[in-house]
Protein chains: 2
Amino acid sequence: MFRLDGRQNVPIYEQVVRRVKELTLRGVLKPGDKLPTVRELSAMIVANPNTVSKAYQELERSGVIETRPGKGTFVAERIRVEPDERIKADLRERLWPVVVDAVYFGVRLKEFEAWVREAFNELGGESGEPKA
Amino acid sequence: MFRLDGRQNVPIYEQVVRRVKELTLRGVLKPGDKLPTVRELSAMIVANPNTVSKAYQELERSGVIETRPGKGTFVAERIRVEPDERIKADLRERLWPVVVDAVYFGVRLKEFEAWVREAFNELGGESGEPKA
DNA sequence: CTATATGTACTATTATGCATAGTACATATC
DNA sequence: GATATGTACTATGCATAATAGTACATATAG
């Protein structure tokens, strides 16, 4: 469940952050669920507790989880807000180099869009307007 | 033309690589065109010649440019091949975390797809099947 | 209160990547 | 020969990531 893919260029703490985000989006982790303790998770993925703590702190800053001192860390309630322009601009900046390489390698728009749709579906992303 | 956007988290040499790829895709740089010399470009962007050299070497490994010893570096002929599965898998891995955050921030599929289309259009990416 | 588990803070150390400075060299051109 | 090209090399500085180890405030169970 918390197994890391082992991409060496991606920092461990960043991999943890991504993994937890994925699990919450997929619904595997639901609001209120307890996450492994820092020490537990550090043992699972064979890393330093400080590294896991760093990941948890970043996740808390992002509002993904909540830490209750002395108790543990828990998945936070999902707050749905309209993404502001700063966030969108940042996402587009991150998307850009991927598209650059895709175009360079001859990937066609239709195929790339298919990848996007698949990813959205896997993550339960909303495809259109809010459902009322 | 070679001005860097100054994103601090992106290494200089990586910014150069992206910039050259963009310029070739947009058609600003055409096959056979001469690039600035290592020393020239390093002066333009105020960086070390070694840093520019590193970028050029990576671009040559990718087949974007060719270096003729003693003469300079030139834009290579664009070889169009069907991207193999390894490249596609790599691109999808790079796309994935962007989509994760997009979904988390509430970006809808339609808007994200619009971003993709815009990027493809800017880069002259092919939108459908080859034109015969 | 005691013992335990929680996240966190702190210092110190190591490893890696990025960038710089400076020098040098083989190749090509004039 | 002089110059311009990309490249190789060593050395240094700096930031980030990760580790090891210790310690502390908080919460909970006995």
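So that the names make sense, note that chain A is the first sequence line, chain B the second, and so on, each numbered from 1.
Along DNA chain D, the nucleotide nearest A:Arg68 and the nucleotide nearest A:Glu14 are compared for position; the residue whose nucleotide lies closer to the 5' end is A:Glu14. Each of A:Arg39 and A:Pro69 lies near DNA chain D, and the nucleotide nearest A:Arg39 is the one positioned closer to the 5' end.
Distance CD1 (A:Ile12) to P (D:dT16): 18 Å, rounded to an integer number of Å. In this structure, A:Asn48 atom CG and C:dG7 atom P are separated by 14 Å, rounded to whole Å. Rounded to an integer number of Å, the gap from B:Lys54 NZ to C:dT16 P is 14 Å. Rounded to whole Å, atom P of C:dT8 lies 13 Å from atom CD of A:Glu66. Atom pair A:Leu4:CG and D:dA17:P shows a separation of 16 Å (rounding to whole Å applied).
Under 4.0 angstrom from either OP1 or OP2 of D:dA17 there lies at least one side-chain N or O belonging to A:Tyr13. Phosphate contact (OP1/OP2 of D:dA4, side-chain N/O of B:Lys71, threshold under 4.0 Å): absent. Listed pair A:Thr73 / C:dT6 fails the phosphate criterion, with no side-chain N or O lying under 4.0 Å from OP1 or OP2. Close to C:dT8, at under 4.0 Å from its OP1 or OP2, lies a side-chain N or O of A:Ser53.
A distance of 5.5 Å separates CZ of B:Phe74 from NZ of B:Lys34, quoted to the nearest 0.5 Å.
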Yes or no on side-chain contact (heavy atoms from CB on, under 4.5 Å) for A:Tyr56 and A:Val17, after CA distance, side-chain angles and deciding distance? CA-CA 7 Å; A:Tyr56 277 11; A:Val17 168; over 6 Å; no

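Between the side chain of A:Asn50 and the base of D:dG21, a donor-acceptor pair under 3.5 Å is found.
Among the protein residues, B:Val46 comes within range of the sugar-phosphate backbone only, with heavy atoms under 4.0 Å from sugar or phosphate atoms but none that close to a base.
Comparing D:dA18, C:dG22, D:dT7 by their nearest atom to the side chain of A:Thr51 picks out D:dA18.
Taking hydrophobic clusters as Ile, Leu, Val, Met, Phe, Trp and Tyr residues chained together by side-chain heavy-atom distances below 4.5 Å, A:Trp96 shares a cluster with B:Val116.
A donor-acceptor pair shorter than 3.5 Å can be found between the side chains of B:Gln57 and B:Ser53.
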